[in-house]
2 protein chains.
Amino acid sequence: MSPIVDFDSAIADRIRAERSARGWSIAELAGKASVSKAMISRIERGEASPTATLLVKIATAFGLTMASFFSRIEEKQQRLSRLTNQPVWTDPETGYRRRQILAQSGFPLEITEVELPPCQEVALPGSSYTFVRQAIWVTSGTLRLFEGGDWHDLAEGDCFAFGPPSDVIFANGSDQPCRYTVFLGRM
Amino acid sequence: MSPIVDFDSAIADRIRAERSARGWSIAELAGKASVSKAMISRIERGEASPTATLLVKIATAFGLTMASFFSRIEEKQQRLSRLTNQPVWTDPETGYRRRQILAQSGFPLEITEVELPPCQEVALPGSSYTFVRQAIWVTSGTLRLFEGGDWHDLAEGDCFAFGPPSDVIFANGSDQPCRYTVFLGRM
DNA sequence: GACATAAATCTACTATAGTGGATTCATTAG
DNA sequence: CTAATGAATCCACTATAGTAGATTTATGTC
């Protein structure tokens with residue numbers, strides 16, 4: 001499932017499932033959430049993309065936080081993560097590309113493959129990985145890494161385990177793309 | 001913070017914080033998320049409630065899932081949960097009322113106080129509490145509880161620890177409101 | 001100070017989210 | 001079968017989300 005295109009249908013399925021599990025009709029959910037019946041119907045058929053305001057009302061009527069509502073959506077992923085289904089995101093301006101190899105809510109490990117184009121760099125704020133432990137493994141090319149206040153030069157095959165959260169920069173100063181894999185372990 | 005009214009401003013603050021931490025301008029985020037600059041600006045000022053489709057684009061540009069994006073919003077709560085700030089939700093058709101005493105993302109315990117009006121009942125599907133352990137404590141009135149295939153009568157002061165997930169019904173057959181506290185422990 | 005440029009906000013528009021009530025469809029009882 | 005009722009969808013409308021480009025504001029350099 002593409003992470004962006006089909007989210008409205010994933011929301012539709014989840015809302016219908018939560019409502020069904022409680023034995024509520026569309027009218028009952030509409031009343032509890034203070035939302036129109038027509039809108040619940042349209043959302044459940046994937047015909048509209050609900051605003052954040054509306055989603056909070058619905059999640060609250062189900063007794064869920066937004067985080068738990070969305071984790072229920074996202075955790076429906078298969079244990080098997082196929083290449084063709086792995087979400088890929090490309091930064092339009094730099095060509096930086098990210099493939100999500102493994103990311104399942106509740107599972108304590110995430111794996112992401114990154115391709116950093118020649119003469120590009122990307123910064124990662126320390127606050128991005130509070131509560132996680134991170135390691136990277138260079139799978140092709142060379143990578144300069146700023147972490148813990150120092151620059152490190154990594155060659156193909158090298159692996160680096162990060163220390164405490166701090167601001168990080170990944171830089172590719174060569175004229176070839178660099179590819180590395182990020183492992184995030186959650187506490 | 002009311003759980004519904006002010007969510008757009010919480011989203012605004014979080015997007016601005018994530019963008020700032022990455023050193024991106026509004027134009028850069030707009031480019032990476034394939035969203036108009038004007039819309040990013042409006043969202044960050046809390047002047048619009050973004051649709052789910054738009055939020056997914058933004059979260060993906062930040063490298064976050066929707067669940068992690070919202071958990072970052074919701075975990076900003078104080079360690080001290082004051083009565084006046086505890087979210088209260090009332091079912092418009094039954095008068096069933098729920099007060100969230102303690103619910104912090106990442107904290108392994110949730111506490112909810114429920115008031116069940118006379119001659120009302122509420123059902124809770126087993127799927128609602130998969131992965132959690134639950135107990136209830138009757139703080140006033142009497143409660144009939146269907147769980148694990150059997151009915152149980154609980155009086156004031158009684159406490160019941162639930163077994164494996166199964167469908168549950170809380171029923172108040174008396175002519176007085178019943179009040180009970182729900183403890184959810186997360187694994 | 002002047003000037004250039006980056007960043008954020010405004011403007012006028014189109015697209016669609018959201019509503020209340022009407023209509024259609026499905027189910028149940030007699 | 002008919003009639004009643006519950007549930008879901010349709011309809012016509014208003015409100016607002018979302019856009020591209022223009023304008024204003026903020027910042028940096030000389």
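Here the CE-CD1 distance, from A:Met39 to A:Ile26, works out to 12.0 Å after rounding to the nearest 0.5 Å. Here B:Glu113 contributes atom CD and B:Thr181 contributes atom OG1; the two are 5.0 Å apart, rounded to the nearest 0.5 Å.
Residue B:Arg16 has no polar side-chain atom (N or O) positioned under 4.0 Å from OP1 or OP2 of C:dA8. Considering only side-chain N and O atoms, B:Ser41 lies under 4.0 angstrom from the phosphate OP1 or OP2 of C:dT9.
A:Ile15 has its CD1 atom 16 Å from the C1' atom of D:dA8, to the nearest Å. As a whole-Å value, the separation of A:Leu29 CG from D:dG6 P is 18 Å. Atom-to-atom, CD of B:Glu44 to P of C:dA8 comes out at 8 Å; the value is rounded to the nearest Å. Between the CD1 atom of A:Ile26 and the C1' atom of C:dC25 there is a distance of 13 Å, rounded to whole Å.
The nucleotide whose nearest atom lies closest to any side-chain atom of A:Arg45 is, among C:dA7, C:dT9, D:dC10, D:dC10.
Using a cutoff of 4.0 Å between basic side-chain nitrogens and carboxylate oxygens, A:Arg22 and A:Glu28 are not scored as salt-bridged.
Taking the six-membered ring where the residue is Trp, A:Phe70 and A:Phe7 present tilted rings, their angle falling between 30° and 60°. Aromatic ring orientation, B:Phe160 versus B:His152: tilted (interplanar angle from 30° to 60°).
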If a protein heavy atom is under 4.0 Å from the base, mark B; if only from the sugar-phosphate, S; if neither, -; do that for nucleotides 14-20 of chain D going 5' to 3'.
---SBBB

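For B:Arg45 (side chain) and B:Ser41 (main-chain N/O), a donor-acceptor pair under 3.5 Å exists by modelled atom type.
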